[in-house]
Protein chains: 2
Amino acid sequence: MIVVTLKDIAREAGVSVMTVSNVINGKFSRVSEENAKRILKIIEEHNYVPNLSARSLAKSTSKIISIILRGEPDENTLRNPHHATLLGIVIQKVQDQGYYTMVNKVESHEDVLRSLRTWNVEGAILLGMFDDEIENIYSINDVPLVFIDSYSDARQLSNVGIDDDKGGQLAARYLIEKGHRKIAFVGPPLRGNGVVKHRFDGFCSELKNNGIALNPRHHFVVKSDVQPEAIIQMGERMACLHDEITAAFVTSDQIVPYLIRGLAKNDIFVPKDFSIIGFDNSTISTLVIPQLTTIAQDIDKKAELAVEILFRQLNSPDSPAESLVLDVELVERESVAAMRACSDS
Amino acid sequence: MIVVTLKDIAREAGVSVMTVSNVINGKFSRVSEENAKRILKIIEEHNYVPNLSARSLAKSTSKIISIILRGEPDENTLRNPHHATLLGIVIQKVQDQGYYTMVNKVESHEDVLRSLRTWNVEGAILLGMFDDEIENIYSINDVPLVFIDSYSDARQLSNVGIDDDKGGQLAARYLIEKGHRKIAFVGPPLRGNGVVKHRFDGFCSELKNNGIALNPRHHFVVKSDVQPEAIIQMGERMACLHDEITAAFVTSDQIVPYLIRGLAKNDIFVPKDFSIIGFDNSTISTLVIPQLTTIAQDIDKKAELAVEILFRQLNSPDSPAESLVLDVELVERESVAAMRACSDS
DNA sequence: CTGAAAGCGCTTACAG
DNA sequence: CTGAAAGCGCTTACAG
């Protein structure tokens, strides 16, 4: 198949490339109706598709949005259903705007900068970037950026996230209401200023309001990617601490089923012997038994808003940075039981 | 931030753009060591990144691989963990080769062609395309294409898939071995020549080998995207047919938990009262209780092989089309029980 | 309404 | 080892 160019179309139509270009770009006011029709027909016949590299070069713009996924070298970020769902929506919405999406997995802020500056990328949505990385990215960048679930002190940051602190608080308050006082925290490392840190802070502050302090021994750390075996073993160990803790707040629903399995191995059953509250209200939370009590967030909305903000900035470059915080709420299901000793019913 | 170009670097280094270009492209044999070093330093200092649109135009090549996801208008394809996992691996592997990934969601073969011809895309990996669409794509295309999980009579088709027929057979055989004779089939519509059709065919042929015919009433059709409510209701209906069927083969693990829930609503419990075998051996299969007996496939491998084939064809354009079929196997867990009446133990 | 010219930032022969 | 010229396919002023 020979590549058809503007020039070919122009020759066949007996007009200049300019005229064809005008037709392609919908500037019909500059072309006679007769010519426009004829050219359109020829374009159709030849199945002509403009060479976007050439257009991009000429306009120094590209219609490309880069979607940047932060991840560790051996981690398949999309195995995380939260990330996958988010990405699916973002791709769809970007495409709906007539833009193209390039997806980059990055392991550092250097990777980010490279991704951002190669294809005249017009903007980017970044997922999972940390505090310190964001600083570096901002210092060298010139296209609109929208972060998802990032925290940063950078003044001019566009971000859409959820109220992670409140999520932690709700979890703690609920468990306390149910009579629990010896509560564990389970989640990935508290790197920098991330979502986990905020969930942790909210959780601890609510404990504190009730005169409870989190025993560092009861802060369980898991890897960022869900590793079933490791979590099951952690569950087994938690079961041995059963006299010390009666409940746990877990920062992701994905972790919970394995934890429950590990606990069960040592005859600790949820919710009868041990209560757990998860986070995300993901699909899994209604698939397992007991169904998970969890902190719900609206992932679709988060993705949609991120794209909306990005295009707002693309369309009017002087529009201000926007930082949106979506609400979270507790969804009560079956994985938390009231303590008999301190029943409040 | 001003864009730095080859010319800027050349001016500062006091050489021609050609020389700088040679350095950037690693053709050091054509540049004096002294110059190379100096140029490298200047490039570094200015954080120069080549404009890939320009390069793409000049070389009529792009280093872009298009990943094409077939989906319905309102479907978030990446909510399907199988697709998401696959995409994650593909993106990673393509990136490891120094290429860029563009992700396109398409709803027809026209969309595919447009995606393929805009950015001088060098090749594509296509997920979820149907028979008839493939014909159309091939007729107008000129870059290497690798399909995943597609079936087609097209001669020169590169595809990596799994042995879906065998999957269906294994499921049927296992249920029969366990004494079941009245077995239902649950899955998305049997569109054209797709994976579901093959699982169905393998399933039916094994039934037939055992003198069993699938009653059309026992062929349950679900939507392509998992709709919990609809599936739960289907489970309720199946429960009412409990005298007619004792087991079901379900073409995706994702569907099973909802089905189980629906059945339970009408007091039919898995595996005690009803047996189910799933497909994929996805994460979920070990998270639910009972853990799912299922047909296992290796998604990571499938993704890796697809990328390997693609690059083989990119690197030597005359290399033949490859069609790989990965094996599947039955993973025995807890969702199938032996029929008492026909015990074979 | 239409077109000739110049240019986007790079690479590809080719000549020195 | 080095560079001047032409070209990739498009768009942007500008002139008619």
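The chains referred to below are lettered A, B, ... by the order of the sequence lines, with proteins before strands, and numbering in each begins at 1.
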Quiz item: For Tyr48(B) and dC10(C), is the shortest distance between a side-chain N/O and OP1 or OP2 below 4.0 Å?
Solution: yes
Practice problem: Rounded to the nearest 0.5 Å, what's the gap from CD1 on Ile9(B) to CD1 on Ile24(B)? Could you check? | Solution: 7.0 Å
Exercise. Would you indicate what Phe28(A) reaches in the nucleic acid, counting non-hydrogen atoms under 4.0 angstrom: base, sugar-phosphate, or nothing?
Key: nothing
Quiz item: With a cut-off of 6.0 Å (strictly less than), are more than 12 heavy atoms of other residues, nucleotides or ligands near CG of Asn315(B)?
Solution: yes
Self-check item: For atom CG of Asn120(B) and atom P of dG9(D), their distance in whole Å
Solution: 9 Å
Quiz prompt | Ion pair check, Arg191(B) and Asp131(B), cut-off under 4.0 Å | solution = no
Quiz prompt | For dC14(D), the Watson-Crick or wobble partner whose two distances fall under 3.5 Å | solution = dG3(C)
Self-check item: Distance-only side-chain donor-acceptor flag, His46(B) / Lys41(B), under 3.5 Å
Solution: no
Exercise. Tell me yes or no: between the side chains of Ser56(B) and Ser53(A), is some donor less than 3.5 Å from an acceptor?
Key: yes
Exercise. Could you tell me the separation between the CZ atom of Arg11(A) and the C1' atom of dG9(D), rounded to a whole number of Å?
Key: 13 Å
Quiz item: Starting at the 5' end of DNA chain C and moving along, which residue's nearest nucleotide shows up first, Val49(B) or Asn35(A)?
Solution: Asn35(A)
Quiz item: Base, sugar-phosphate, or nothing for Ser56(A), non-hydrogen atoms under 4.0 angstrom?
Solution: nothing
Quiz item: Any side-chain N or O of Thr5(B) less than 4.0 Å from the OP1 or OP2 oxygen of dG9(C)?
Solution: no
Practice problem: Assign Ser60(A) to base, sugar-phosphate, or nothing according to its heavy-atom contacts below 4.0 angstrom with the strands shown. | Solution: nothing
Exercise. Find the distance Asn51(B):CG to dC8(C):P and express it as a whole number of Å.
Key: 12 Å
Quiz item: Between dC10(C) atom P and Leu57(A) atom CG, what is the distance in whole Å?
Solution: 9 Å
Quiz item: Within the pair Ser32(B) and dT2(D), is there a side-chain N or O less than 4.0 Å away from OP1 or OP2?
Solution: yes
Exercise. Answer yes or no on whether Arg70(B) is positioned over the face of Phe130(B), meaning its NZ or CZ is under 6.0 Å from the six-membered ring centre and within 45° of the axis.
Key: no
Exercise. Report, as a single string ordered 5' to 3', how protein heavy atoms within less than 4.0 Å touch nucleotides 11-16 of chain C: B base, S sugar-phosphate only, - not at all.
Key: BBB---
Practice problem: Look at Arg114(A) together with Glu110(A) and state whether they make a salt bridge at an N to O cut-off of under 4.0 Å. | Solution: no
Quiz item: Rounding to a whole Å, what distance do you find between Lys7(B):NZ and dG3(D):P?
Solution: 16 Å
Quiz item: Has Thr19(A) got a side-chain N or O lying under 4.0 Å from the OP1 or OP2 atom of dG3(C)?
Solution: yes
